[in-house]
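Here's the structure, in C-alpha cells; my notes come after.
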Amino acid sequence: MPKKMPKNNKKALGKERLIWMYTQMLRIREFEERVKRTFVEHPGVIRGHTHLADGAEASIVGALATRNENDLAMPSYRCHGYPIVLGTSVKKMMAEIYGRKDGLCQGFGGSMHLADPAHHFPGTSGIIGQAIAHATGAALTAQVKKTGQVIYCFFGDGASKQGAFYESLNMAAVWKLPIVYILENNQYQVYTRVELEDANAAAGDPLSRKAQAFSIPGVTVDGTDPLRVYDAVEKAVKRARAGLGPSLIESKFYRFSAHGNAITVPPVPTQFPEHEAIETYGRKAEYAAARARDPILLFRKKLKSKGVLSEPAAKQIEDSVRAELEQAVQFALASPFPSPEEATKYVYA
Amino acid sequence: MPSEMMYAQAMATAITEEMTRDSNVIFYGQNLGMTDRDPLVRKFGKSRVRITPISETAEMGIAVGAAMTGLRPVVELWMSEFMLVAMGQLLNEAPRLRYMSGGQIKVPLVFKAGYGFAAGWAGQHSNCIYHTMMGIPGLKVALPSTPADAKGLMAASIRDDNPVMYLHHYMTMLGKGPVPDGDYVIPFGVADVKRPGSDVTLVATGWMVTKSLAAAETLAKEGISVEVIDPRTIAPLDVDTIVNSVKKTGRLVLVDQAPRHASVAAIIAGEVAERGFHHLKAPVKMVTALDTSIPYSEPLEKYVLPSEEKIVWAVKSVLGK
Ligand SMILES: Cc1ncc(C[n+]2csc(CCOP(=O)(O)OP(=O)(O)O)c2C)c(N)n1
Ligand SMILES: [Mg+2]
C-alpha cells in the first residue's frame, strides 16, 4: 500500500497520487468506523469524548496532498484524520484512544489530543479556536526561522465565531505569515445549525466572506471533492510560500456521525447517537442527501470512470486497509495500560 | 413536599421557576433552544431564551452589559474551562463594576458551568478551576453537591444582585435525591452538615461530598464517627460551621478535587489554623488532586484524583491509626 506520498508531479496529479489520495481517504474512514464500533464491541474502552472525521475525508486528503514534506498540520480536537495522512502509526493512534501505554501520547491525551511532532503534527487543543492561534504561531516560527514551511490550520465552522479566529487572522494578514486557514464547514457545531449562529450564513453568504475583514483571499470549495480542495489549497499554499500571506478556504462537506459519543456519567455506557440533523431537527432528507454524496463513493466513481482505478485494484486497497485497521485495533487491545505512577511525569519539561 | 429528582433536573427546575417569577431573567448559551419545540423556548419565547455561537467573550460580556442595564441573565457555559477564553469578563469585569462605580451599578447575573468531569475528558475538560474565582471580591461562587442544593442555590444565584459563578459537578448530574417543591432558596455562605459525627471533621464540596459520605459510611463500620460538612458556597465561605465542628472533633480532613495549591482545602486550612488551632489534636490533613493536569487513561486519572480509599486513609491518619 502506498503510505508515503508519491512525489509531487507539478503539472497534474498522476495516477499514483490519485490512488494514494483515495487510499488515505479509505484509511481515515475505516479508522473512524473502527473507533465507532469500539463503543459497541468494547464498551468502556474509549472514555471521555470522541469526535470522528467521517465525511471530511476528501477535504483532509485534498488539502494535505498539496503539502511539502516539512509543512505542518494543526487541527482541532476532531483530529484523527490528519495524522493518518501524515504517516503516523494508526496502531499508536488507536492505542492512544484506548488509553494504552503504547499510545501516541502514552495515554495522557486520548482522542482529542493526538500529537505526533515527528510526523509534522505538533498537537491539538480541545478548546474551540485556540489552536488557530497556535497554528499562527507555528507560521511565525516558519517566517522567523525562514524554514520555507507552510502551516495548514484546520478548524470548524463553529470555531470561526471565537475571538482567537479574528485576532489570529488579523495578525497573520498584517505579518504575511505562511499559513492557510481551512475552515471546515460541516454545517453544524454540535446541535447548532450554522445559520443559527453565523452572521454570514444567516444572511445567505458563504463563510469565506470573513476573509474580506482581513483583506486576504477567501474562497469556498466543495469539500466532498478532493481535487477541488487540492486546487484551492494549492493556490493558497503557493501564495503563502511566496511570502504573500494567509488565505481562508471554506471547505464545505457534511459530518456523517453525530458530533461525538453521547455525554454520560459512568457507569452509564456511551455510544454514538443519531446525527443531530435527524435527532434534533428531524431532517432525514438532508441527512440522506448528504450520505448520497459520500466523498469516498464519489471519488471512487470518478477514478473508475477515468480508468485510474480498476475494480480488482479497488478491492485490493479496501482489503489491505481493512486488515491494517484490524491490526491497529488488536494492537491497541493488547497494549497494557500505563502504570498509575506515570501520571506525575511530563508536568514540566 | 419534596419530589425525587436528578441534580440536572433540579437546576433546570429552578431556572424555569425563576424565569416564571421574574420576566427580567433571560437564559442563553451554546446549543440550547435550537428549535421551537424546546420546552424553555415554548414557555418563555425566543426573546428570553437564545442560542449563542461559540463566543464566550461576547456571551459573558453581553451578560455583564445586560445585567448593568436591567436584565438578570443566566448564561449556560457548559464546561468551566470554556470560560477561560473570556476570563476577564468573569474576574475583572462583572465583579469590579459595582465597586468602581462607588456602588451605583449592580451586575446581577449567573454564569453556569460544569466542572470536574472525571471520566476520561483529559487535560482541558475535567479540571477544577474555582480557586481562580473564590479570591475575587464581588464574585459569589456556588458549588452544589446534591439535587436539593442544586435547586436552592440556583434560585439564590438568580435572585442575588451580584455576579454569581454557579458550578455544577458533572459526576453528580444524574444523581437523584429529594428536592423541595416550590420556592426553595438556600442562602449564600451557609454550610450544610451532610452527616453528623464526633471523631473527625471532613469538609468537602461537589463530587467529593459523595466520596466523603461513602468514606464516612465505611469508617462508621470500624467505629469511627465522621462529621461531613459541605460549605456549598465557597465565596462567601462559612468558616464558623467548620470551626465549630473542629471544636467538637479536634481533627480536620479537607477533601478537594483541585490540585493542592489551587484548592478550597488550602484556604480552609488557613482559616482553621488561625481560628481553630487550639482545638486541633492533630495536624490538618488535605486530600487533594496531585499537582498534574488530568490525564486521559483511567489508571492515570484515578491515581491523580482523591478517592474513597485516600479519604479513609487520611481520616485514620489524623486519628493516629
Ligand atoms: C471555548 C469552547 N467553547 C465550547 C466548547 C464546546 N465544544 C466542543 S466542540 C464544539 C463545536 C465545534 O463546532 P465546529 O467548530 O463547527 O467543529 P466541528 O465539531 O463541527 O468539527 C463545541 C461548542 C469548547 N470545546 N471550547
Ligand atoms: Mg462544524
Side-chain angles (χ1 to χ4, degrees), chain A residues 44 46-50 77 96-101 103 105-113 125-130 156 158-165 189-194 196-199 259 263-266 268 270 276 280-282 337-347, chain B residues 6-8 29-35 37-38 46 50-59 61 78-79 81-86 88 114 117-126 169-175 207 259 289-305:
Chain A
I46 303 181
R47 312 179 69 226
H49 214 194
T50 302
Y77 53 88
E96 183 61 31
I97 294 168
Y98 285 21
R100 306 304 165 108
K101 192 176 166 51
C105 310
Q106 299 174 58
F108 282 72
S111 161
M112 285 193 277
H113 304 298
S125 170
I127 303 301
I128 301 297
Q130 305 316 297
S160 71
K161 260 64 71 185
Q162 187 64 217
F165 167 83
Q189 79 88 340
V190 195
Y191 296 100
T192 305
R193 294 179 53 78
V194 64
L196 289 175
E197 60 138 28
D198 182 279
H259 170 73
I263 298 177
T264 59
V265 180
V268 179
T270 170
E276 293 76 5
T280 309
Y281 300 94
F337 283 101
S339 54
E341 313 77 53
E342 305 260 299
T344 54
K345 269 179 156 182
Y346 310 124
V347 175
Chain B
M6 280 192 292
Y7 184 100
Q30 293 162 31
N31 291 295
L32 59 84
M34 272 82 62
T35 67
R37 294 188 314 275
D38 179 88
K46 281 188 165 170
R50 292 179 188 232
I51 190 167
T52 59
I54 316 172
S55 302
E56 282 80 6
T57 304
E59 292 170 72
W78 298 109
M79 285 180 159
E81 286 107 320
F82 302 162
M83 294 188 300
L84 289 170
V85 304
F117 208 170
W121 284 70
Q124 296 181 311
H125 286 79
S126 22
H169 203 294
Y170 265 103
M171 298 303 279
T172 59
M173 289 288 268
L174 306 181
W207 187 39
L290 301 184
D291 288 325
T292 73
S293 296
I294 305 297
Y296 168 68
S297 184
E298 191 161 16
L300 300 178
E301 188 194 67
K302 280 218 166 95
Y303 183 74
V304 163
L305 295 178

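Chain letters run A, B, ... following the sequence lines, proteins first and then strands; every chain starts at 1.
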Residue, of Ile127(A), Val194(A), Thr344(A), that accumulates the most heavy atom pairs under 4.5 Å with chain B:
Ile127(A)

Heavy-atom pairs under 4.5 Å with chain A, option from Leu290(B), Val304(B), Val85(B), Thr172(B) with the top count
Val85(B)

Test side-chain contact (heavy atoms from CB on, under 4.5 Å) applied to Ile51(B) and Glu197(A), step by step:
CA-CA 8 Å; Ile51(B) 190 167; Glu197(A) 60 138 28; 6.0 Å; no

Taking every non-hydrogen pair under 4.5 Å, which of Leu196(A), Ile263(A), Thr264(A) racks up the most with chain B?
Ile263(A)

Let's go through Val265(A) and Tyr170(B) carefully: what are the C-alpha distance in whole Å and the side-chain angles of both, what is the deciding distance for side-chain contact (heavy atoms from CB on, under 4.5 Å) to 0.1 Å, and is it a yes or a no?
CA-CA 7 Å; Val265(A) 180; Tyr170(B) 265 103; 5.7 Å; no

So do the side chains of Lys302(B) and Pro340(A) get within less than 4.5 Å of each other, counting heavy atoms only?
no

Take Gln124(B) and Gln130(A) through the side-chain contact (heavy atoms from CB on, under 4.5 Å) test and state the conclusion after the steps.
CA-CA 12 Å; Gln124(B) 296 181 311; Gln130(A) 305 316 297; over 6 Å; no

Can you tell me which portion of Asp291(B) sits under 4.5 Å from chain A's heavy atoms? Options are side chain, backbone, both or neither.
backbone

Identify which part of Thr50(A) has an atom lying under 4.5 Å from any heavy atom of chain B, answering side chain, backbone, both or neither.
neither

The interface call for Ala118(B) against chain A, heavy-atom contacts under 4.5 Å, is backbone

How about OH on Tyr191(A), more than 12 heavy atoms from neighbouring residues, nucleotides or ligands closer than 6.0 Å, or not?
no

As an exercise, state the distance from CZ of Phe108(A) to OG1 of Thr292(B), rounded to the nearest 0.5 Å.
8.5 Å

Heavy-atom distances under 4.5 Å only: say whether Val268(A) touches chain B with side chain, backbone, both or neither.
side chain

Correct closest heavy-atom pair for Lys161(A) and Pro53(B) would be CG-CB, 3.5 Å

Heavy-atom cut-off 4.5 Å, strictly under: side chain, backbone, both or neither for Ser160(A) against chain B?
neither

Find the distance between CG (Asn31(B)) and CD (Glu276(A)) and round it off to the nearest 0.5 Å.
8.5 Å

Using heavy-atom distances under 4.5 Å, tell me whether Ser55(B) contacts chain A through its side chain, its backbone, both, or neither.
both

Flag, side chain of Arg37(B) to backbone of Thr280(A), donor-acceptor distance under 3.5 Å
yes

Exercise: identify the closest heavy-atom pair between Gly126(A) and His125(B)
O-CE1, 3.4 Å

Leu300(B) to Glu342(A) - nearest heavy-atom pair and separation
CD2-CB, 4.0 Å

Honestly, the part of Val190(A) sitting under 4.5 Å from a heavy atom of chain B is both

Straight-line distance of Trp121(B) CH2 to His49(A) NE2, nearest 0.5 Å:
4.5 Å

If you count heavy-atom pairs under 4.5 Å with chain B, which of His113(A), Lys345(A), Glu341(A), Glu96(A) comes out on top?
Glu341(A)

Heavy-atom contact with chain A under 4.5 Å, split by part of Glu301(B):
side chain

Heavy atoms of Glu298(B) and Arg47(A) approach each other most closely as CA-NH1, 3.4 Å

Which atoms form the tightest heavy-atom contact between Gly99(A) and Ser297(B), and what is the distance?
O-OG, 2.6 Å

Can you tell me how far the CD1 atom of Ile128(A) sits from the CD1 atom of Ile54(B), to the nearest 0.5 Å?
4.5 Å

On a heavy-atom basis, which atom in Gly107(A) and which in Tyr296(B) lie closest, and how many Å separate them?
O-CB, 3.4 Å

Considering only heavy atoms, which portion of Ala159(A) lies under 4.5 Å from any heavy atom of chain B: side chain, backbone, both, or neither?
backbone

With a 4.5 angstrom heavy-atom cut-off, could you sort out which part of Thr52(B) is near chain A: side chain, backbone, both or neither?
backbone

